[in-house]
**Q** 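Please read through the structure below; I'll follow up with questions.
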Protein chains: 4
Amino acid sequence: MTKSSDELIRGTAAAPRNASKLTRNKLTRAERNELTRQNLFAAARKVVGRFGYAEASVARITAEAGVAQGTFYNYFVTRQELLDQLLPEIGKDMLRFIHERTRYRVSEAERENDRFRAFFEYLKEVPELMRILNEAELFAPAAYRQHVEAMATSYARLLRRGRAKGEVQPFTDDEMEVMVHMLLGARGYLSQRYAFADGSVTQIPEHVISSYAKLLSGGLFRREPETAQETAVDKKGRRP
Amino acid sequence: MTKSSDELIRGTAAAPRNASKLTRNKLTRAERNELTRQNLFAAARKVVGRFGYAEASVARITAEAGVAQGTFYNYFVTRQELLDQLLPEIGKDMLRFIHERTRYRVSEAERENDRFRAFFEYLKEVPELMRILNEAELFAPAAYRQHVEAMATSYARLLRRGRAKGEVQPFTDDEMEVMVHMLLGARGYLSQRYAFADGSVTQIPEHVISSYAKLLSGGLFRREPETAQETAVDKKGRRP
Amino acid sequence: MTKSSDELIRGTAAAPRNASKLTRNKLTRAERNELTRQNLFAAARKVVGRFGYAEASVARITAEAGVAQGTFYNYFVTRQELLDQLLPEIGKDMLRFIHERTRYRVSEAERENDRFRAFFEYLKEVPELMRILNEAELFAPAAYRQHVEAMATSYARLLRRGRAKGEVQPFTDDEMEVMVHMLLGARGYLSQRYAFADGSVTQIPEHVISSYAKLLSGGLFRREPETAQETAVDKKGRRP
Amino acid sequence: MTKSSDELIRGTAAAPRNASKLTRNKLTRAERNELTRQNLFAAARKVVGRFGYAEASVARITAEAGVAQGTFYNYFVTRQELLDQLLPEIGKDMLRFIHERTRYRVSEAERENDRFRAFFEYLKEVPELMRILNEAELFAPAAYRQHVEAMATSYARLLRRGRAKGEVQPFTDDEMEVMVHMLLGARGYLSQRYAFADGSVTQIPEHVISSYAKLLSGGLFRREPETAQETAVDKKGRRP
DNA sequence: AATGAATGAGACTTCATTCAT
DNA sequence: CATGAATGAAGTCTCATTCAT
């Protein structure tokens, strides 16, 4: 039995595999086959993560995987086919990851905060996601649309649930959809700006997380503008 | 004197050009030179807008411009050099456009609304921006970073001004910067989702604009969750 | 004992095969071996017949035969080796078929007519021959030359026999050889033009057969040109 | 002014070209362009003539022409496009050649003989035609069909004219068409068998020409079989 | 024997860039 | 300056053949 794909993605496999196999140090054909496929997958993820889709030539991927170019086409009909599977593969893993890190029995706002945090944690574990998420729209458009759709749908369901509980503003479903896309867009931009530097993923600053929470809980503008004196920051934007 | 670049971009030049030139129907060498450059620029914008950066080959651009391929290299050292100038060119024009459409003597929230609206209006006038904005991060990264930086800076200044007036929540400057990026990200995603279909720009729905306004003015979550009965929408998300 | 190859080609095997084998439903190793070889053969014939030699890749042939690619090389040293055997296999069967359909105790001219007809009948039964005959010169040149040689030799013998009987013009042996090649060439062209459409074999029109007979019995030109009025067709080539 | 294409094919250009150009030893762009095209054409003809269409890779053709591979695509959209033009180019030249060598004021039979002879003479001058004619059906099917069509049409016209003069048997038009294809097929086979050896074109033997004439003038079979004694050859096919 | 994954040479094609005219 | 032909590196993909299981 081989590792599940998400174990492979995040490298979290723990249990020892079939002992007899290990002792014999031999794999069945099907296992070897699956191994090579995963190998190519991992290589592609790495290459795309490092150089982007455009530079992810079959030559590079197979070199990274340590197999001949022709081998690639034993597993994927076209280069595009592999590229198209990259985002779904990781996307599903990411959703699972985020879901696991989301506390229950807390307010919707806190749960959204959990999700936001978990996203950036996942990004640290699978930094390739950064580029893949950014570039998939252009280089794997079908997969991208599906991914966004899936994200948005599941997100919207959560928000509607919160609305039913009275924790989310009473937006219509259409408005809810818009909210979802704004949140996704915001998160995406923030990841580019605050969790990425010189080609590698960095820790997201705390104030980004709290800012996100503030926007969501109270918006950007004050309802009834008060006098400037009351504001909690001075003109330089520092807390007194 | 030739048209200013933004007049060229939006085609809004009104006044007749230098009459003496027209009568003589001759241009100085420098003018002809500038004309060709603008020509290539416009062609590149059109091609990138229609097919994306990846398909914007020098052959295509020069064909669109009606000049020989070699001519291209009399004006730009490399293909990339032109591509790098595309976003700045349009970006500046866009900022000017948005600024013109932003009312004074209204609340900050309303002005932000103006800006949001103006952005989508500009998009309708210069649909090429859509693709350029989306793809520049990948194909003209330096230009993209500069553009985002410029946008963010000017945006942040406006928000700080609003904060000083007490109309914006009392965020720190760092938080303000985060806000700016969230707004930009949200707007970007919304434009892709709601103002773009089958390769051409469409009118942004009103409810998207109002949703944006709502997020900014009150956030997504209720401060103190009330009972579900009070919510203004039924379980299907419709206004009763 | 397995089917003879021509029975396999035309699928005319009638008698039940070795009963004891069927009851035991087991085959000796040699028999299984031969079966697989015939299987590959039949697959190759089908594939070449449908797609031509160029498209008859080992992958396609083995897929059609339902065996693994590697199996192919247990029976044939190279792909070419199998392709080289295709035409001889069918060629021999064709000659046998034509011979069977040729009446005895008739004039040589009539017998040639029989052969001509039989050729087209065979073509209908084994349509793959069409492509194989056409393409073998290119893709299996050795086999092709041998085939033509065999055809010509047997053909020439028949014609010489007719000459001995006084039914064939008194050509020299060299001339006879030339005649044979002309007849073969004519027949080949006619099959392409009149018995083949859209990749499948069609019935040869009667007037083609009669025209062939006319050329052979009286030539194309009149010995002593008469006046145009006497001709049996009008200027439009219709019988009055 | 450049050589006409058929002069290039057969290399029979006689008159000196534009003297001023020669003195300056410079060519205009258009001339150079045309030169390169002809160069590629000639290279392709040579390569196909020597190795066949299947081996006529762009790499080989451009190597033969002494230009870079990329240059090829400045002149032809695809490899196939050039291959498709090979037969028409030569075919037209051949028809012209044959027509020039056909005497007037002689019987139709003699003129057909002229054409037959001329075909083989042309083959000696342009030996590449051999392979091109043989392989075009497979590798340039559209061009091949057009060529055969053109040949057959012009041929049929000649035969109908002969029929009107009473020199050709009174066949119907349909029969005439069949005759044409038989003649073309016969000629094709004969060229392969008697004018080709070890990859190069050889002189066609006289007895082949006379045999062709005999078939056309009197057919293969005797009308009324006489006694064997009368035949002009002995049993070994030799003239006594 | 049967299997089928692995191999790698080689095919076609694209395109940014150069350079002589 | 403008031109446009020439260049050649690089990319995707195919397929006959090998070989360990």
Side-chain angles (χ1 to χ4, degrees), chain A residues 26-30 32-37 54-62 65-80, chain B residues 29-30 32-33 36-37 54-63 66-82, chain C residues 29-30 32-33 36-37 54-63 66-83, chain D residues 26-37 54-62 65-80:
Chain A
K26 274 187 178 177
L27 299 167
T28 68
R29 266 218 188 137
R32 278 191 157 283
N33 194 310
E34 184 58 22
L35 213 70
T36 305
R37 174 182 292 271
E55 309 277 293
S57 65
V58 173
R60 251 198 183 140
I61 293 170
T62 49
V67 299
Q69 277 200 59
T71 301
F72 185 94
Y73 293 92
N74 288 335
Y75 294 88
F76 306 97
V77 176
T78 62
R79 167 179 172 268
Q80 191 61 45
Chain B
R29 208 168 289 179
R32 287 185 62 80
N33 196 311
T36 304
R37 171 182 293 270
E55 311 273 291
S57 64
V58 174
R60 243 190 190 151
I61 294 170
T62 50
V67 301
Q69 252 190 100
T71 302
F72 186 95
Y73 291 89
N74 289 331
Y75 293 89
F76 306 97
V77 176
T78 64
R79 168 178 172 268
Q80 192 61 46
E81 191 193 298
L82 168 53
Chain C
R29 208 168 290 178
R32 286 184 62 77
N33 195 311
T36 305
R37 174 183 291 270
E55 310 273 290
S57 64
V58 174
R60 245 194 188 148
I61 292 170
T62 50
V67 300
Q69 253 191 99
T71 302
F72 186 95
Y73 291 90
N74 289 330
Y75 295 90
F76 306 96
V77 176
T78 64
R79 168 177 172 269
Q80 192 60 47
E81 192 194 298
L82 168 53
L83 298 188
Chain D
K26 273 186 180 179
L27 300 167
T28 68
R29 267 219 188 136
E31 281 170 339
R32 280 191 156 284
N33 194 310
E34 185 57 22
L35 213 68
T36 304
R37 173 181 292 270
E55 310 277 294
S57 64
V58 173
R60 253 201 182 136
I61 293 170
T62 49
V67 299
Q69 276 200 60
T71 301
F72 186 94
Y73 293 92
N74 288 335
Y75 293 89
F76 306 97
V77 175
T78 62
R79 167 180 172 269
Q80 191 60 45

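Residue numbers begin at 1 in each chain, while the letters A, B, ... track the order of the sequences.
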**Q** Output the rounded distance in Å from CZ (A:Arg37) to P (E:dG4).
**A**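 So the CZ-P distance, A:Arg37 to E:dG4, works out to 15 Å.
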**Q** Kindly compute the distance separating CD1 (A:Ile61) from CD (A:Glu55), expressed to the nearest 0.5 Å.
**A**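 The CD1 atom of A:Ile61 sits 11.5 Å away from the CD atom of A:Glu55.
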**Q** Does D:Glu34 reach the main-chain N or O of D:Ala30 with its side chain, forming a donor-acceptor pair under 3.5 Å?
**A**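 Looks like no, no N/O pair under 3.5 Å.
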**Q** Whole-Å distance between E:dT21 P and D:Leu35 CG?
**A**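 After rounding, the reported distance stands at 14 Å.
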**Q** If a protein heavy atom is under 4.0 Å from the base, mark B; if only from the sugar-phosphate, S; if neither, -; do that for nucleotides 6-13 of chain F going 5' to 3'.
**A** BBB--SBB
**Q** May I have the distance from A:Arg29 (atom CZ) to E:dT3 (atom P), rounded to whole angstrom?
**A**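 So the two atoms are 10 Å apart, to the nearest Å.
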**Q** What would the secondary structure line of DNA chain F be in dot-bracket form, counting Watson-Crick and G-U wobble pairs under 3.5 Å, with [ ] for pairs that cross earlier ones and | for pairs with another strand?
**A** .||||||||||||||||||||
**Q** Any pair with a residue in residues 70-80 of chain A that passes side-chain hydrogen bond (donor to acceptor under 3.5 Å, both in side chains), sequence neighbours left out, goes on the list, sorted by first then second residue, please.
**A**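 Every pair satisfying side-chain hydrogen bond (donor to acceptor under 3.5 Å, both in side chains) with a residue in residues 70-80 of chain A: A:Gln80-A:Asp84.
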**Q** Judged by each residue's nearest nucleotide on DNA chain E, which is more toward the 5′ side, C:Ala30 or B:Ala54?
**A**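 That would be C:Ala30.
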**Q** Check the distance between F:dA16's P and C:Arg60's CZ and give it to me in whole angstrom.
**A**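 So the CZ-P distance, C:Arg60 to F:dA16, works out to 11 Å.
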**Q** Whole-Å distance between E:dT17 P and B:Phe76 CZ?
**A**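 Answer to the nearest Å: 13 Å.
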**Q** CG of B:Leu82 versus P of E:dA16: gap in Å, rounded?
**A**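 Value for this atom pair: 12 Å.
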**Q** Return the value, rounded to whole Å, for the distance between atom CD1 of B:Ile61 and atom C1' of F:dG4.
**A**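 So the CD1-C1' distance, B:Ile61 to F:dG4, works out to 17 Å.
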**Q** Roughly how far, to the nearest 0.5 Å, is CG of D:Asn33 from OG1 of D:Thr28?
**A**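 Here the interatomic distance stands at 9.0 Å.
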